[in-house]
Amino acid sequence: MLKMVIVDDEEYARKAVLKAIKWEALGINIIGEASNGQEGYELCINLKPDIVLSDIRMPVIDGIELAERIDREGLGCRVILLSGVQDFNYARAALDANVEGYLMKPLDSLEIETLFSKVKYSIELEKSNVNILEKAKKHFQEYLPVIRESFFRTLIMGEYKQIEYLADKLKALELDFRIEASYTVAVLEIDNYREWMAQKTGNEYQLLLFSIKNIVDEILRLSFNGYIFKTEENHFTIILEWGAKNKQEDLKSLFKEIQTSMQKLLNISVTIGVSDLIKGIYESGHAYHQALQTIKFKFYIGSGSVLFASDVSSDSGKDMGADYSDQSQQLMEAVKLGDTLGAREKLGNIFKSIKNYRGGTRDYVEGIAVELIYMLSRCIADMGDRIEAVLSPRNEVLSALSAKESLSDLHLYLDFLINKAAEHYADRYNQKNLKLVSKVKEIIDKKYKDDLSVNGIADSIGLTANYVSLLFSRATGRTITDYLTSVRLKASKELLRSTDFRVGEIAEMVGYEDANYFSKVFKKHTGMMPQKFRSASAIEEG
């Protein structure tokens with residue numbers, strides 16, 4: 001209900017007003033009475049009524065002066081004047097005093113209802129408008145951070161071309177940035193973002209975003225006039241206004257402090273790309289794109305870095321050409337042969353070449369890595385295997401590859417794959433070699449008494465002498481001839497100990513046609529001649 005006070009110097013007149021109409025039915029509550037304008041004024045201050053119904057002619061302060069005070073001091077009361085005298089001058093004064101209406105005594109109930117209904121509607125409409133305005137202001141303040149972020153995202157996209165409009169925007173958003181000042185734009189990126197996100201919930205992600213902004217805001221407040229806002233899923237952009245006292249050293253300290261705080265308070269590593277200095281906030285779009293290009297060098301330099309545009313250069317688009325083609329072919333050959341050390345060395349040479357072409361975009365380097373994966377897949381297929389049997393399903397391999405954020409991480413992952421594939425074939429060759437070695441040893445153990453040679457052994461297996469010799473040597477660490485000699489000497493020692501056969505006879509029995517040659521070989525490996533060995537053995541047994 002609306003509140004009203006009645007001001008009249010005649011008590012009976014006030015009573016008459018109270019009885020003239022059912023005020024509550026009109027939605028009006030009478031909260032006070034006064035006998036003169038001064039008392040009425042004090043009631044307005046203390047009770048804050050919506051409507052004042054006042055007589056015009058009163059002692060101390062009349063109704064018109066009361067209305068003027070209320071209007072002048074902005075008390076917000078609607079004034080309706082009463083008079084028993086039809087006086088045009090008073091009526092005109094009442095209009096000048098900005099009153100709502102003018103009623104003549106004696107009062108007419110229909111006239112009163114009509115006027116008060118009109119006044120009530122006017123008051124309620126005004127209150128409604130005030131509430132709407134207050135709500136709008138409240139909502140504006142609540143959503144101001146969101147509106148500011150939208151403004152800055154539009155700014156770095158280069159949408160604001162007119163300086164005057166930009167100035168108005170900054171003022172409306174209560175941003176204390178100078179149009180023509182010098183600025184730096186930086187892009188902050190969370191390192192190992194995909195791995196971090198895989199372990200977190202949506203609420204934890206929102207909390208992280210909130211925390212990053214608050215931490216940076218606090219740090220900025222101490223040294224730079226700046227603003228941080230989110231631009232992409234894993235990118236925060238910082239706009240810094242340079243003051244008269246700011247120096248390049250301050251900028252480096254600022255970003256190092258941000259990195260340290262992120263690690264200490266949030267346990268995350270961040271990389272920051274920083275643009276060159278620009279003149280005028282309207283050039284922020286250019287600086288933002290420069291910062292974006294700069295942070296891409298994280299791929300070469302590594303995570304947890306502060307990268308300045310002035311310190312990095314780009315020669316993007318270079319092609320490694322024939323060098324890479326030869327190196328990749330050699331790499332696959334080493335994998336097929338099970339040469340783990342050779343394969344890893346050749347992969348290292350490829351990445352050394354990539355580093356020499358550092359200007360290549362990340363997409364270019366990632367393309368090389370993907371091509372190596374496909375070559376490795378074909379290599380495995382050529383060997384009669386499937387990639388998932390040797391490594392993992394190809395889509396999983398490619399997904400893991402694309403998640404690598406730096407050149408060194410990419411190298412380590414490919415090194416793991418190459419080494420695993422090479423070891424797989426090394427094991428296969430070892431198993432094959434073991435069978436071959438076993439076969440060679442079986443032949444020697446059975447036929448050492450015969451005129452046996454490496455060529456003869458190789459022929460019986462169906463392989464070349466060189467190939468058999470090489471595999472036997474790799475598997476055992478000794479030559480076939482050495483093994484044949486050791487078997488013959490073992491047999492000859494047993495014969496010397498247990499029989500009375502002459503040395504020449506024993507030589508023939510173990511595969512030597514020439515007794516003298518047998519004796520030389522025996523002495524070379526045992527340190528004594530066959531006859532002496534027999535004598536020494538007899539003494540030991542005796």
Side-chain angles (χ1 to χ4, degrees), residues 187-200 205 208 232-236 255 259-260 262-263 266-274 291-308 311-316 318 320 324 327-328 331-332 334-335 340-341 343-377 387 390-423:
V187 172
L188 180 150
E189 182 176 278
I190 302 169
D191 298 326
N192 302 312
Y193 176 73
R194 293 185 186 179
E195 294 177 19
W196 188 93
M197 280 296 293
Q199 303 169 11
K200 304 298 177 182
Y205 173 66
L208 176 72
E232 295 179 22
E233 184 182 0
N234 186 25
H235 277 172
F236 290 85
F255 291 127
Q259 285 184 318
T260 302
M262 295 296 162
Q263 190 68 61
L266 302 178
N267 195 31
I268 60 170
S269 168
V270 298
T271 297
I272 303 172
V274 188
L292 273 182
Q293 291 302 314
T294 300
I295 205 169
K296 289 181 179 179
F297 279 85
K298 161 188 171 179
F299 184 69
Y300 292 96
I301 296 171
S303 301
S305 307
V306 178
L307 309 172
F308 289 87
D311 294 336
V312 297
S313 60
S314 176
D315 299 315
S316 61
K318 284 189 174 181
M320 291 177 11
Y324 163 67
Q327 290 169 345
S328 59
L331 169 62
M332 296 307 146
V335 170
T340 54
L341 291 177
R344 297 178 73 180
E345 181 183 354
K346 287 170 176 59
L347 180 69
N349 290 336
I350 289 175
F351 273 86
K352 193 179 293 182
S353 299
I354 291 173
K355 213 164 188 180
N356 291 338
Y357 289 98
R358 194 178 79 170
T361 64
R362 174 173 178 162
D363 289 343
Y364 174 74
V365 176
E366 211 168 86
I368 290 176
V370 169
E371 186 177 350
L372 286 174
I373 295 298
Y374 278 99
M375 290 181 73
L376 185 59
S377 179
I387 187 171
V390 179
L391 303 174
S392 299
R394 189 161 58 187
N395 62 325
E396 291 182 14
V397 171
L398 293 174
S399 178
L401 182 145
S402 66
K404 304 307 173 187
E405 294 194 347
S406 69
L407 189 66
S408 60
D409 288 344
L410 196 61
H411 185 184
L412 285 173
Y413 182 61
L414 280 171
D415 182 79
F416 164 75
L417 296 176
I418 292 294
N419 187 63
K420 191 173 181 182
E423 283 184 343

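FYI, side chains are in, hydrogens and waters are out, and symmetry mates aren't considered; it's all heavy atoms of this structure.
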Counterpart residues, side chain to side chain contact (heavy atoms under 4.5 Å, CB included), relative to E233 (two or more places apart): Y193, Y205

Closest approach of L414 to A369 (non-hydrogen atoms, all atoms of both residues): CD1-CB, 3.9 Å

S269 side chain near M262 side chain, heavy-atom distance below 4.5 Å: no

With E423 via side chain to side chain donor-acceptor pair (under 3.5 Å) - residues at least two apart: N419

Spatial distance of atom NZ (K352) from atom CG (L347) [nearest 0.5 Å]: 11.5 Å

Set of ring-ring contact (aromatic ring centres under 6.0 Å, His included) partners for H235, sequence neighbours left out: none

Heavy-atom check, side chain of Y374 versus side chain of R394, under 4.5 Å: yes

Check: V274 and T294 side chains under 4.5 Å, non-hydrogen atoms: no

Closest non-hydrogen atom pair between A291 and V187, with its separation: CB-CG2, 3.8 Å

T260: side chain to side chain donor-acceptor pair (under 3.5 Å) partners, not counting sequence neighbours: none

Residues in salt bridge (Lys or Arg N to Asp or Glu O under 4.0 Å) contact with D415, at least two apart in sequence or another chain: R344

Test side chain to side chain contact (heavy atoms under 4.5 Å, CB included) applied to V390 and K420, step by step: CA-CA 8 Å; V390 179; K420 191 173 181 182; 5.6 Å; no

Working for side chain to side chain contact (heavy atoms under 4.5 Å, CB included), residues L372 and S328: CA-CA 7 Å; L372 286 174; S328 59; 4.0 Å; yes

Nearest heavy-atom neighbours spanning V270 and I190: CG1-CA, 4.3 Å

Minimum-distance pair of heavy atoms, taken over all atoms of L188 and I295: C-CD1, 4.5 Å

Partner residues of E345 under the side chain to side chain contact (heavy atoms under 4.5 Å, CB included) criterion, sequence neighbours left out: N349

Side chain to side chain contact (heavy atoms under 4.5 Å, CB included) partners of S303, counting only residues at least two apart: D191, T271, K298, E405

Any residue meeting side chain to side chain contact (heavy atoms under 4.5 Å, CB included) with S402, in chain and number order, not counting sequence neighbours: R194, E366

Atom of L391, atom of A421 and distance for their closest heavy-atom approach: CD2-N, 4.1 Å

Nearest atoms (heavy-atom pairs only) where F299 meets K404: CE1-O, 4.4 Å

Partner set under side chain to side chain donor-acceptor pair (under 3.5 Å) for S408, not counting sequence neighbours: S406

V306 side chain near Q259 side chain, heavy-atom distance below 4.5 Å: yes

Set of residues satisfying salt bridge (Lys or Arg N to Asp or Glu O under 4.0 Å) with respect to K346, sequence neighbours excluded: none

Contacts of S305 that satisfy side chain to side chain donor-acceptor pair (under 3.5 Å) - sequence neighbours left out: none

Straight-line distance of F297 CZ to L307 CG, nearest 0.5 Å: 9.0 Å

Partners passing ring-ring contact (aromatic ring centres under 6.0 Å, His included) against F308 (at least two apart in sequence or in another chain): none

CD1 on I387 to CD1 on I373, rounded to 0.5 Å: 6.5 Å

Point-to-point distance, once rounded to the nearest 0.5 Å, from CG of L208 to CG of L266: 6.0 Å

